[in-house]
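Sequence lines set the chain letters: A, B, ... in the order given, protein chains first and strands last, and positions in each chain run from 1. Basis for what follows: all heavy atoms, side chains included, without hydrogens, waters or symmetry-related copies.
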There are 2 protein chains.
Amino acid sequence: MAAPSHPGTSEPKGANVERMPTVDDVARAANVSRQTVSNVLNSPAIVREDTRLRVQRAIDDLGYRPNASARRLRTQRSATIGLRLDPLRDGISGAVLDRFVHKLAEQADARDLRVMIFSASGHDDELAHIRRLRDGSDVDAFVLIGTDHGDERSQWLIDQGVPFVSFGRPWGAPSPDPRHRWVDVDGRAGVRDAVTRLRERGAQRVAWIGWPSPSGTGDERAAGWREACGLPPAAADALSRATEDGVPEGRAVATALLALPEAPDAIVCASDSLALGALMAAQAAGHGELPIVGFDNTPVAAAVGLSSVDQPLDEVVAATLELLFGERGGAVRPNPNSNEEPTHRLLVPRLVERRSTHLPLDGNPGALGSGDHNRKESS
Amino acid sequence: MAAPSHPGTSEPKGANVERMPTVDDVARAANVSRQTVSNVLNSPAIVREDTRLRVQRAIDDLGYRPNASARRLRTQRSATIGLRLDPLRDGISGAVLDRFVHKLAEQADARDLRVMIFSASGHDDELAHIRRLRDGSDVDAFVLIGTDHGDERSQWLIDQGVPFVSFGRPWGAPSPDPRHRWVDVDGRAGVRDAVTRLRERGAQRVAWIGWPSPSGTGDERAAGWREACGLPPAAADALSRATEDGVPEGRAVATALLALPEAPDAIVCASDSLALGALMAAQAAGHGELPIVGFDNTPVAAAVGLSSVDQPLDEVVAATLELLFGERGGAVRPNPNSNEEPTHRLLVPRLVERRSTHLPLDGNPGALGSGDHNRKESS
DNA sequence: CTGACCGTTTTGATCGATCAAATTCTTCTG
DNA sequence: CAGAAGAATTTGATCGATCAAAACGGTCAG
């Protein structure tokens, strides 16, 4: 938090008027040719030890930094990933994508990649942007987020030969194109685990609040509940509800569930928004102790002490980059032509347990918040 | 939502193997010289009408798109804005910054600017990144977010001659550097308005829940409350509380306030997190009808029907870009040397009223949610 | 001593655009 | 109709790096 001054390397760069040094400047200073300098940077192995050190010192002394544009122009690649920020996501659940963006920025940086963001109003607009960015060689690979049924973006990108990976499976496609690389989280397994855990804890009638079908992610999650709830079909149907996402919606549906003659003794929801609504409903109905589980482990869930299924975004991002660039490489791999190597990755989420599956909700506020991340935030 | 195929211009670009056309290709096709093509793109005014049309047609036919790297190399500017995504913000309030990022991406796009994001672990790390990005001429201007007391970043950037604008005032500086361009929202006025509104509605004892001092934004907001609450100092002190940000914290403090012999009849908070906590406290204490106002108008506030002070992010972003690039220009202005033109902009927020200042909280869930933005969101 | 061979370094060309200056084409004046 | 002034267009150089191939220096077998 303290210790200002010299961040980065601290060479004597005065104001900012004098131009940045170039390879030629470094070459002159180290008494070698441009190319040798270039080699020191890009293939140090082929340069003799002592010259390498000499050049390196010159680089440090002058504070040389390769010009990204020049390099990109010559190499024909930008080492930049494009990412569309979805303008629709304004709900609580949108926070997942934010975390995804963060992680992506972090891990991309570690690989010396840049991340460029853009926003678009719809799928068509998005594709137009992608084309522009790629044709201008601004960006050489894209990450698609939030694929859904009948998503025509993937196919277009494949046809155009634009390298990309989607966070989200190709829902609904009868036979998914093997050239489509994707990473996703197994929501079905996540919900299944959550339900199982609740039953281990003694719950016998675990209800489900999900989204209307068809919804790729939603249907998967619902399936997970159905597999694990241990109820005969009819009873299961009675405890299953579908509604648009949202806190009020969740509250309304949960209220109805709790008013049933054979009321549920636990509720699992397809999102934290729905779960928060359910939490409020339970509280209002005097069932403060009712175990409730949400999905996505958003900040709100942490804040109100709601148990939630957490997506392993670190792994998601790592897998995304690996599919795009390989184990460590910095060069983009084109979309695979055949199905030689695995072109997708399905990751398993894990349940984060909090008060909502442990303690009664009422009572002393002092015990709230389970010490989860709660940082002050200004502006 | 429907209508796939041809996004952008739809020229007959087959696979993606053949290289993109260049100015020379276009020139040849239109029977002019490279430079004329360049002129059509950059200064159409000096090209004769008919040649311009001819060239334009060739551009469209070939699907030509200027190569960003080449242009940047030659012009020495990247038309790219750098933005650090703060890894700390994980609370509910962090959502404001997300909205900011969105708006920035949108408006930057309208000006043909790119936005590049990066993440850093601390201020020093951030500055190191900034240096790297700028020295590599990847980015030519930066937007700083969330400035706070003793923030040494601004001064460093000014010293280094790196063009930037901060979203957030230079807090605490005895005499702010006139070369520092910034945009901020007048939180004091926002809170003042909110309190005034509550008093117009009949509230007589409006309490305040804020953050511990010193906090630039926090102190300003508190000042707004104090100015408008209309209570003598002693009484005001009794109704003022400071705590770290967070839902549980807000709940605890609000519970204490409500237990006072002279309890408040309305509460204004420095954040939606605190306000949500207060809302829960009020509900638990049987004061479901207590008017409560939050700050930042986050999705959560919309979801639970909490009134909140909304920051005009559209204007904030517009002002930011204007300070950086001028009215319409695409070229970055350096940090001003003297204080000739205005170098900052202070915008006024406005109160968004919802159920929490209108109706009782309990009662029928059907009436919840005030129709505010609630969109479904998948993985 | 010659020349093949390997490791290291240098030279010339190139990526795709814009700048600055030179050139050609128009138009208008005396 | 010559010639100047202005408009429109073209030419040559350049931005800063990497690629591809050539040149260099040393070792070593024949």
Side-chain angles (χ1 to χ4, degrees), chain A residues 18-56 58-59 62-80 112 132 134-138 140 330-331, chain B residues 18-56 58-59 62-80 112 132 134-138 140 330-331:
Chain A
E18 83 271 19
R19 68 166 182 50
M20 291 292 298
T22 73
V23 264
D24 282 292
D25 296 320
V26 175
R28 214 166 302 124
N31 248 311
V32 292
S33 68
R34 330 187 272 302
Q35 185 60 33
T36 299
V37 177
S38 173
N39 286 336
V40 169
L41 261 53
N42 301 310
S43 10
I46 70 166
V47 180
R48 206 174 46 201
E49 176 78 0
D50 60 327
T51 42
R52 209 195 64 232
L53 290 173
R54 186 155 35 99
V55 171
Q56 190 58 55
I59 289 178
L62 298 178
Y64 166 76
R65 192 87 65 188
N67 181 303
S69 300
R71 172 178 282 172
R72 293 209 262 257
L73 171 58
R74 183 66 247 229
T75 61
Q76 302 282 38
R77 66 172 109 110
S78 62
T80 300
D112 247 305
R132 248 196 8 198
R134 199 182 113 93
D135 286 357
S137 85
D138 252 319
D140 42 33
Chain B
E18 83 271 20
R19 67 165 182 49
M20 291 293 297
T22 72
V23 263
D24 281 292
D25 296 321
V26 176
R28 215 167 303 126
N31 249 310
V32 293
S33 68
R34 327 187 274 305
Q35 185 59 37
T36 299
V37 177
S38 172
N39 287 336
V40 169
L41 261 51
N42 302 310
S43 11
I46 70 167
V47 179
R48 205 175 47 204
E49 176 78 1
D50 60 328
T51 43
R52 210 195 64 232
L53 290 174
R54 186 154 36 99
V55 171
Q56 191 59 54
I59 289 178
L62 297 177
Y64 166 76
R65 192 87 64 188
N67 181 303
S69 300
R71 170 178 283 173
R72 293 210 261 258
L73 171 59
R74 182 66 244 229
T75 62
Q76 302 284 36
R77 67 172 109 111
S78 61
T80 301
D112 247 305
R132 249 195 8 199
R134 198 184 114 93
D135 286 357
S137 85
D138 253 318
D140 41 34

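If you measure from atom CG of B:L62 to atom P of C:dG16, you get 14 Å, rounded to the nearest angstrom. Rounded to whole angstrom, the span from the CG atom of A:N31 across to the P atom of D:dC24 amounts to 17 Å. For the pair B:D24 CG and C:dA17 P, the interatomic distance rounds to 8 Å; values are reported in whole Å. Per the geometry, CG belonging to A:L73 stands 10 Å off C1' belonging to D:dT18, to the nearest Å. The separation between B:L53 atom CG and D:dT9 atom P is 12 Å, rounded to whole Å. When rounded to the nearest whole Å, the span between CZ of A:R28 and C1' of C:dT10 equals 15 Å. Between the CG atom of A:D25 and the C1' atom of D:dC15 there is a distance of 13 Å, rounded to whole Å.
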### Query
Do A:N42 and A:R71 pass the side-chain contact (heavy atoms from CB on, under 4.5 Å) test, and can you show the C-alpha distance, the side-chain angles, and the key distance before you say yes or no?
CA-CA 11 Å; A:N42 301 310; A:R71 172 178 282 172; 3.6 Å; yes
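If you take CD on A:Q76 and OG on B:S69, they are separated by 8.0 Å, rounding to the nearest 0.5 Å.
For A:D25, the salt bridge (Lys or Arg N to Asp or Glu O under 4.0 Å) test picks out A:R19, A:R28, with sequence neighbours left out. Residues meeting the side-chain hydrogen bond (donor to acceptor under 3.5 Å, both in side chains) test with A:N67, sequence neighbours left out: B:S137. Annotation: side-chain hydrogen bond (donor to acceptor under 3.5 Å, both in side chains) contacts of A:D50 (sequence neighbours excluded): A:R48. Contacts of B:I46 classified as side chain to side chain contact (heavy atoms under 4.5 Å, CB included), with partners at least two apart in sequence or in another chain: B:N39, B:S43. Under the rule for a salt bridge (Lys or Arg N to Asp or Glu O under 4.0 Å), A:R34 has no partner lying at least two apart in sequence or in another chain. Scored by the side-chain hydrogen bond (donor to acceptor under 3.5 Å, both in side chains) test, A:S33 finds A:T36 as partners (sequence neighbours excluded). Not counting sequence neighbours, the partners of B:A30 by the side chain to side chain contact (heavy atoms under 4.5 Å, CB included) test are B:V32, B:R54, B:V55, B:A58. When the salt bridge (Lys or Arg N to Asp or Glu O under 4.0 Å) test is applied to B:R74, no partner is found at least two apart in sequence or on another chain. With sequence neighbours excluded, the residues that form a side-chain hydrogen bond (donor to acceptor under 3.5 Å, both in side chains) with B:S78 are B:D140.
Residue order along DNA chain D, read from the 5' end via each residue's closest nucleotide, puts B:T36 first among B:T36 and A:N67. Between B:A70 and A:L41, the one whose closest nucleotide on DNA chain D sits nearer the 5' end is B:A70.
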Grab the N/O contacts between the protein and nucleotides 5-7 of chain D below 3.5 Å, and write none if there aren't any.
none

For nucleotides 19-22 of chain D, which of its nitrogen or oxygen atoms have a protein nitrogen or oxygen under 3.5 Å away, and what is each distance?
| from | atom 1 | to | atom 2 | distance (Å) |
| --- | --- | --- | --- | --- |
| D:dC19 | N4 | A:Q35 | OE1 | 2.6 |

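In this model, the phosphate group of C:dT9 is approached by a side-chain N or O of A:T51 to a distance below 4.0 Å at OP1 or OP2. Phosphate contact (OP1/OP2 of C:dT18, side-chain N/O of B:Q76, threshold under 4.0 Å): absent. At least one side-chain nitrogen or oxygen of A:S33 sits closer than 4.0 Å to the OP1 or OP2 atom of C:dT10. Proximity of A:R48 to the phosphate of C:dT8: no side-chain N or O atom is located under 4.0 Å from OP1 or OP2.
Between A:I59 and A:L41, the closest side-chain pair of non-hydrogen atoms falls below 4.5 Å.
Overall, the helix from C:dC1-D:dG30 to C:dG30-D:dC1 carries an axis bend of 60° between its ends, with five pairs at each end and the value rounded to 10°.
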